[in-house]
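First the structure, in the form of structure tokens, and then the observations on it.
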Amino acid sequence: MSGLPDLPNTKRGINMTADRENWRSHPQFARRRTGRGGGWEYHWKLLPIRAQTALLKVAAVDHKPDETAMGRGEAWAWFDGLPEKVKAEARERLNVILQVEQLAAPMGKFLAVSTVARQSQKAARTIWNWYTLIEGVDPADWLPYLAPRHRAVKVKRARAECSPQFLDWLKAGYLRLGGPSFAASYDDAVKICKQHGLTYLAPRTARRWMDANVPYVTQVFAREGERGLAKCFPPQIRDRSTLTALEGVNADCHKIDVFVQWPGIEKPVRPQIVAFQDLYSNKMLAWRVDLDPNKVAVMSAFGELIETWGIPNHCLFDNGHEFANKWLTGGTPTRFRFKVREDDPLGVLPTLGIKVHWATPAHGQAKPIERGFRDFASRIAKDPRFAGAYVGNRPDAKPEDYGSRAVPLDQFLAVLEERIRDHNARPGRLTVTAKGRSFDDTFAESYAQAPIRKATPEQHRLWLMGQEKRRLHATHGGLTLHKNGYWADWMNEHTGEEIVARFDPENLHAGVHIYTLAGEYLGQAECREKVGFFDLVGARLHAKVQRARRKAEKQLLDAMRPVSVQDLARELDAAPRPEAPLVEAKVVEIAPARRAKPLFEREMPVPVADDAAEARRDALVVEFRQRTESAEEQTAEEGPADRFRRALDIEARSEAGRPVGTAEADWLKIYRETPEYTRQRMLFDDFGDAALG
């Protein structure tokens, strides 16, 4: 020995220490010497801790690093990804090792291991094995190396092989709109591979390959389109606490789920509500009800908003025709409806200096008012006073009393106004700006402090009227608008000029106000020819949004799907169709003939001959046969419209209480069950006599 600390300097002393600490009980650290002279060889780990440290410092052995061992950074990164249960076991092992290290200096490492093993109810050999895991590792990095090593072993599995064509056919069948099942797409790909003699994967292996090689977002985009792609990204969160009352408003239309009896319309209708909402407080500021979304209702609600509260700075609209019309937003560069012309007259909003913002079409999260409409669907549509008129919020969610009644329009408007007031006044709102207050209180507090722009009398003509660009008559300067003639003596000075006519769309006979294309007011013209009456309703919603991420996903999808669906369909058509052989029955059971017996054995009465009754019966048979033959001949010559008129005639006579023949009643009963009658009835109900030609 070379004078290591805590060890004797003589051979006898070393042997006595080995016997006292029972070094030979550890076969992995003690062995008999195979050379001449015999004896025992001991591992340096059995030495006291200070002797180990000194030995490592003076040892000049060049150890070759273990290439399979993890580095410090790799070990900590691997440990961070382990489950918490495995991490807890590693911490327990480290705690045992630290206890051994504390006792190793005074009593020796062997006795320390034995003592801690008894206290922790661990086997001493297990603790020595843990020391093997941290051999040559800095004590600060012991924790990741003490984690159970079965988590670090890379599982070696046999990799399944298949032809690349199988994967292409699988992606072509699965990554397409319509969302076919994976099993169906797999079966089609296997069918083609069998035809060409190609190898393919097992179903579960193919499923794992698809999930590992085609990103989830790409799969959703390929199978569900842009709507599915939008679900894969979180919605944008916008902070409205920095706004003030009436700084910005947003508007949209909502179709109420209630049947209303509209004056002049026989069948009940579901009206549309056009509402303007304050973005800061969520208060409903103005609203209108009409049959369909239209710019007349929007302009009327917008006029009420300005007259009651003031002029907002910003407006957030949907991209429907009712909001993107030239009356309201003409001249806005980001409008995606109608054809934008350089000489288009300015709409009401640009004229008033209101900045227009367009929400993403068909995207409810982009419009805060949709949250308020959800309250409408819950608290207004299901009002007890509308019982029986509620139609459900989906076609497959109709109540049992669907269509049992329709609410009169005046009652509907009264309940709607009451419920909107309750909607604004209900306390306990949890928005960032309300903080437990009602929308009314939130709006009132900010409205009292915010700078509000009020409209001038001249500006009142803007939102109460629609606008049309027309050219005045070349000789007298008159104006014809929607079959109504307008003229004033000052119009002679502007003959042949292009002008903008602003008018009240609900009262064309009240006259029009004439402006230049630049917005200068010229004067008013009275209506001279009261011929027509103006009415504008209806527009279809349309959305066309281009995004960079959609373009990238389309390119990625094309790369992931090298084979088109058309190619897959042609391969399936070219696949041979084996004919299944018919299976013949080997054993045939012959059913015995059976004769039914009467329930009662009794003699039947013999009828008495009646010559008069027999003559009447023969005459009735001949008459019925003639009527039947004539009816068949008549039916063969009639067309669908003629037969339906005949059915209407029989039904009318039956409802009026007039006589109907037995043959006619039988024919009508059979005809009502034919598809021709159903089709003719639908056309007649929709178009009346015009459907019969």
Side-chain angles (χ1 to χ4, degrees), residues 1-2 4-7 17-18 21-31 40-159 212:
M1 290 295 171
S2 57
L4 294 176
D6 299 332
L7 281 178
T17 301
E21 296 183 2
N22 197 14
W23 286 359
R24 298 175 187 176
S25 63
H26 302 282
Q28 69 273 31
F29 296 132
R31 66 184 180 185
W40 284 82
E41 294 178 341
Y42 302 102
H43 197 274
W44 62 275
K45 286 188 175 182
L46 296 176
L47 304 180
I49 187 65
R50 293 201 303 165
Q52 292 184 24
T53 304
L55 184 61
L56 290 174
K57 289 182 179 180
V58 301
V61 181
D62 184 15
H63 295 282
K64 184 178 180 180
D66 186 4
E67 297 180 357
T68 61
M70 290 188 295
R72 180 173 179 270
E74 183 182 1
W76 278 108
W78 167 77
F79 179 79
D80 189 53
L82 293 176
E84 186 60 32
K85 183 178 180 181
V86 180
K87 293 180 180 179
E89 185 175 352
R91 296 188 189 100
E92 182 181 358
R93 293 181 178 183
L94 179 61
N95 186 34
V96 172
I97 294 296
L98 294 178
Q99 293 178 17
V100 172
E101 293 298 321
Q102 291 176 358
L103 299 176
M107 65 175 57
K109 195 167 188 178
F110 176 78
L111 292 179
V113 170
S114 301
T115 302
V116 174
R118 288 193 300 269
Q119 293 177 355
S120 61
Q121 297 181 354
K122 302 289 184 181
R125 183 179 296 274
T126 301
I127 299 177
W128 287 112
N129 291 337
W130 293 347
Y131 268 102
T132 305
L133 299 177
I134 58 176
E135 180 180 355
V137 178
D138 191 301
D141 300 326
W142 281 355
L143 181 60
Y145 289 92
L146 287 173
R149 306 304 294 173
H150 69 277
R151 289 279 181 175
V153 178
K154 296 183 179 180
V155 181
K156 296 182 180 180
R157 297 187 177 95
R159 186 177 182 85

Taking Asn95 for the side chain and Arg91 for the main chain, is one N or O donor matched with an acceptor at less than 3.5 Å? no
Taking every non-hydrogen atom, the tightest pair across Val86 and Pro148: CG1-CD, 3.6 Å
Tell me every residue that passes side-chain contact (heavy atoms from CB on, under 4.5 Å) with Glu135, counting only those two or more places apart in sequence or in another chain. Trp44, Lys45
Could you go step by step and tell me if Leu103 and Leu111 meet the side-chain contact (heavy atoms from CB on, under 4.5 Å) rule? CA-CA 8 Å; Leu103 299 176; Leu111 292 179; over 6 Å; no
Roughly how far apart are Thr115 OG1 and Gln102 CD, rounded to 0.5 Å? 13.0 Å
All heavy atoms of Lys109 vs all of Leu47, minimum pair found to be CB-O, 4.3 Å
What are the two closest heavy atoms between Ala147 and Phe79, and how far apart are they? CB-CD1, 4.1 Å
Any salt bridge between Glu89 and Arg93, counting N to O under 4.0 Å? yes
How long is the straight-line distance from NZ of Lys122 back to CD of Glu92, given to the nearest 0.5 Å? 4.0 Å
Could you go through the side-chain contact (heavy atoms from CB on, under 4.5 Å) check for Lys87 and Asp80 one step at a time? CA-CA 8 Å; Lys87 293 180 180 179; Asp80 189 53; 4.0 Å; yes
If you round to the nearest 0.5 Å, how far is OG1 of Thr17 from CG of Asn22? 13.0 Å
Excluding sequence neighbours, so at least two apart, what forms side-chain contact (heavy atoms from CB on, under 4.5 Å) with Ala77? none
Tightest non-hydrogen contact, residues Ala124 and Val113, listed as O-CG1, 3.9 Å
Parallel, tilted or perpendicular: rings of Tyr131 and Trp128 (30°, 60°): tilted
Verdict with supporting geometry, Ile134 and Trp130, side-chain contact (heavy atoms from CB on, under 4.5 Å): CA-CA 7 Å; Ile134 58 176; Trp130 293 347; over 6 Å; no
If you take all heavy atoms of Ala117 and Ala123, which pair is closest and at what distance? CB-C, 4.2 Å
Heavy atoms only: give me the nearest Ala75-Pro144 pair and the separation to one decimal. O-CB, 3.6 Å
